[in-house]
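Everything on this sheet refers to the single structure shown next.
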4 protein chains.
Amino acid sequence: MPRPKLEDARDRLLAAGLSLFAQRGMERVNSNTIAKRAKVGIGTFYNHFPDKYALLRELELRTLAGVRAARVAALEGAGPDPAAQVRGSIEAAVGFAAAHPEAYRVTFGRERAGAGHHGPVVTESARPLANALRRLQSRGRVDPRLDPELGARAYLAMEVGMLLWWLEDRKRAEPGQLVETLVRLHPAGRAAA
Amino acid sequence: MPRPKLEDARDRLLAAGLSLFAQRGMERVNSNTIAKRAKVGIGTFYNHFPDKYALLRELELRTLAGVRAARVAALEGAGPDPAAQVRGSIEAAVGFAAAHPEAYRVTFGRERAGAGHHGPVVTESARPLANALRRLQSRGRVDPRLDPELGARAYLAMEVGMLLWWLEDRKRAEPGQLVETLVRLHPAGRAAA
Amino acid sequence: MPRPKLEDARDRLLAAGLSLFAQRGMERVNSNTIAKRAKVGIGTFYNHFPDKYALLRELELRTLAGVRAARVAALEGAGPDPAAQVRGSIEAAVGFAAAHPEAYRVTFGRERAGAGHHGPVVTESARPLANALRRLQSRGRVDPRLDPELGARAYLAMEVGMLLWWLEDRKRAEPGQLVETLVRLHPAGRAAA
Amino acid sequence: MPRPKLEDARDRLLAAGLSLFAQRGMERVNSNTIAKRAKVGIGTFYNHFPDKYALLRELELRTLAGVRAARVAALEGAGPDPAAQVRGSIEAAVGFAAAHPEAYRVTFGRERAGAGHHGPVVTESARPLANALRRLQSRGRVDPRLDPELGARAYLAMEVGMLLWWLEDRKRAEPGQLVETLVRLHPAGRAAA
DNA sequence: AATGAATGAGATTTCATTCAT
DNA sequence: TATGAATGAAATCTCATTCAT
């Protein structure tokens, strides 16, 4: 029998934190509320996390790993065609947001206090995309005048912004429409036109 | 202490709030600090604003009006060519962000508590852009398969996201590069390619 | 022409204070609100009253004078019969409360902060009643074993308590019923039985 | 500081609140002072009561229960004679006020902000007394022209008013005198005359 | 006399964190 | 490890009063 209570408390705290952060936003959630929602004593909270930001950080790391894994899997499944890779990567991101809306909103949303947070979170995805753009430019498949760093940033800002907007109210669009729009506006999608 | 000149206090509070919000983010600024920075009693703060969110809202309204005015002026000065209009509008936005970085970050940044705030702020710009895209589609200048609403949203998310990223550290790019990138990735820029 | 503005402000302040105190109770009314209701600057408030308690005190003095005058007039109109005098005095008190419910509630109600306030307000009425009871005892018209001081106090507590209770919701009884009840329970009403 | 024994804090807060409310009156006591007097952190105050009114309400409930219990016990001990019952009930009330002067003053005194509070507190005692009067009327022991509801109210206003006045300065009378006065002026005492 | 913006002491309330059990 | 009562620094907000105009 696996330890029944042990990791239980930690997982319940993470789940409670996730749903509360998504619902109310970082600064409007307090550690006591998280513990209560997790049906755990407040002392237990501090046995597992040094403070509430640590819990948030862990949620973010899990989300980032999840998005990355989804993209990697999509790229591996897409074969060598760049267009298919772009579409696959986008479908992966949209799919992840649809499957884990709270995690997506908490990680990428506008909730964090303090400036300069968005950047780092996105940076990790920007680098591989910039490299991909450079490769495509060298093969003449993307406008060579586009700065690949800036293009990557710009695209990711767009993707994140759209998905957050969509998650506010999913009736705003079908996932397929989102994918179409993002594909069409993707820097690597342009050359096709 | 003698009472300062009439509307002085209110303006000083707005200025103090702006710089503090930009520096530390909404939730890490308190009314006492704003009042102190404005060299005004805490009571004066509450004579002018019911709470710190009201001050923020006023700053946002001023910023939105500023961006809109800059865009309108640019469009009027750009003549009838759609490409020139797109570029002009983008230059106006970049110019505004460069001239009022704190106001831009406070208004569009990721600081507000509670979800669903970004949307409304951006919505007002999304509508005219969607209309422009529709017009260009009917004239065959923009890919007709692009959903104009989603395209407008996507572009604005990109523009805002890039400018916020840039304002975190302006050494990251020259304003001209930003304009080039945004022009190239603009939904209406595509058909020109 | 009498000074038009002069006493105007003071009277409007008193009226505003009366209605606000009656509505919300002493401690939940502030001087700025009174001034606003009186359509007068807050500065004007302090030109007329040293503080908000002074305004209250003036209202109370006016009310006490009003009740006393009503009772005196009733006694004078009642002729020499003690029973008629008792009934007349009670009718005067009930009539005053009915005519000036706010003033009555503010003056006699349970609103004042700090203990020991009720006593003084009532004391002034207790003395003449105690004297009357003594006179009636010496004439054998009131039970001689009743302590006239305590009897007077007790009756007045009853009268005030009933009228406040009635003013909370006047549908609770007809004024005539109140008078009957108070007459029957009056220390001097007893001998009649 | 080591945490004091379990429910200790709550009881100390109630005791501190009682003595402070009695001393200064509701509106002149603040939560900090109560906590300090109870030798407890301010946070502990808010762990136990949502605000100071909640503490007051609990004190009132305890007092009302105490008075009721004292009256019930007295009635049970008084036997079937109505006169003895009346006297017993009055002795119980006077005894309770003498034994718990602070609780009595806080519960029945004129301190509460907002109107309409006294009524409800007294209502609960008014009903049984009204019923008793009705019974006595049907047996011809009380003047049938007296409205039993109003009579009950009137008597209770008298009792409460006298006891509050007495508690302001106990030298004003002996408890025995109070009882005598109240017995003589009781609606059910009258028929004896 | 009238005005009302400005003031700041003080009251209320929140919440991250500790620690004895 | 788990618990949760206790804590107090810090934030929000009120309001009586002043004073330059």
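Computation of the quantities below employed the complete heavy-atom set of this structure, encompassing side-chain atoms and omitting hydrogens, waters and symmetry-equivalent molecules. Each chain gets a letter, A, B and so on, in the order the sequences are listed, and its residues count up from 1.
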(message) Restricting to side chain to side chain contact (heavy atoms under 4.5 Å, CB included), what partner residues turn up for C:Ala97, sequence neighbours left out?
(response) C:Tyr104, C:Leu163, C:Leu167
(request) Could you tell me the separation between the CG atom of A:Asp8 and the C1' atom of F:dA2, rounded to a whole number of Å? (result) 13 Å
(message) Tell me whether D:Thr107 contacts the main-chain N or O of D:Ala103 through its side chain, where contact means a donor paired with an acceptor under 3.5 Å.
(response) yes
(request) Please report, rounded to the nearest Å, how far the C1' atom of F:dT3 is from the NZ atom of A:Lys39. (result) 17 Å
(request) To the nearest Å, give me how far apart CG (D:Asp11) and P (F:dA5) are. (result) 15 Å
(request) Can you measure from CD1 (A:Ile34) to CZ (A:Arg12) and round to the nearest 0.5 angstrom? (result) 14.0 Å
(request) Using only heavy-atom distances, determine whether the side chains of A:Thr44 and A:Asn47 contain a donor-acceptor pair under 3.5 Å. (result) no
(message) Holding to salt bridge (Lys or Arg N to Asp or Glu O under 4.0 Å), I want the full list of residues that pass it with A:Glu102, two or more places apart in sequence or in another chain.
(response) none
(request) Look at B:His48 and E:dA6 and indicate whether a side-chain polar atom (N or O) is within less than 4.0 Å of OP1 or OP2. (result) yes
(message) As a check on the pairing definition, encode DNA chain E in dot-bracket form, counting Watson-Crick and G-U wobble pairs whose two distances are under 3.5 Å, and using | for partners outside this strand.
(response) .||||||||||||||||||||
(message) Please determine whether a side-chain nitrogen or oxygen atom of C:Thr44 lies at a distance below 4.0 Å from atom OP1 or OP2 of E:dA1.
(response) no
(message) Run the side chain to side chain contact (heavy atoms under 4.5 Å, CB included) test against A:Ser31 and tell me which residues pass, sequence neighbours left out.
(response) A:Ile42, A:Phe45, A:Tyr46
(request) Grab the CZ-C1' distance between A:Arg10 and F:dA2 for me, whole Å please. (result) 15 Å
(request) Write down the distance between NZ (A:Lys36) and P (F:dA2), rounded to a whole number of angstrom. (result) 19 Å
(request) Drop me the distance from B:Leu18's CG to B:Gln23's CD, to the nearest 0.5 angstrom. (result) 10.5 Å
(request) Return the value, rounded to whole Å, for the distance between atom CD1 of C:Ile34 and atom P of F:dC15. (result) 12 Å
(message) In whole Å, I'd like the distance from the CG atom of A:Leu13 to the C1' atom of F:dA2.
(response) 12 Å
(request) With sequence neighbours excluded, tell me which residues meet side chain to side chain contact (heavy atoms under 4.5 Å, CB included) with D:Ala54. (result) D:Phe49, D:Pro50, D:Asp51, D:Arg57
(message) Strictly distance-based, threshold 3.5 Å: is any side-chain N or O of D:Lys52 a donor or acceptor partner for the main-chain N or O of D:Gly17?
(response) no
Sort me out a list of protein N/O and nucleotides 15-17 of chain E N/O pairs below 3.5 Å, or just none if empty.
from	atom 1	to	atom 2	distance (Å)
E:dC15	OP2	A:Asn30	ND2	3.2
E:dA16	OP1	A:Lys52	NZ	3.3
E:dA16	OP2	A:Ser31	N	2.6
E:dA16	OP2	A:Ser31	OG	2.8
E:dA16	N7	A:Asn32	ND2	3.3
E:dT17	OP2	A:Tyr46	OH	3.3

(request) Using atom CZ of C:Phe49 as one end and atom C1' of E:dA1 as the other, report the distance to the nearest whole Å. (result) 15 Å
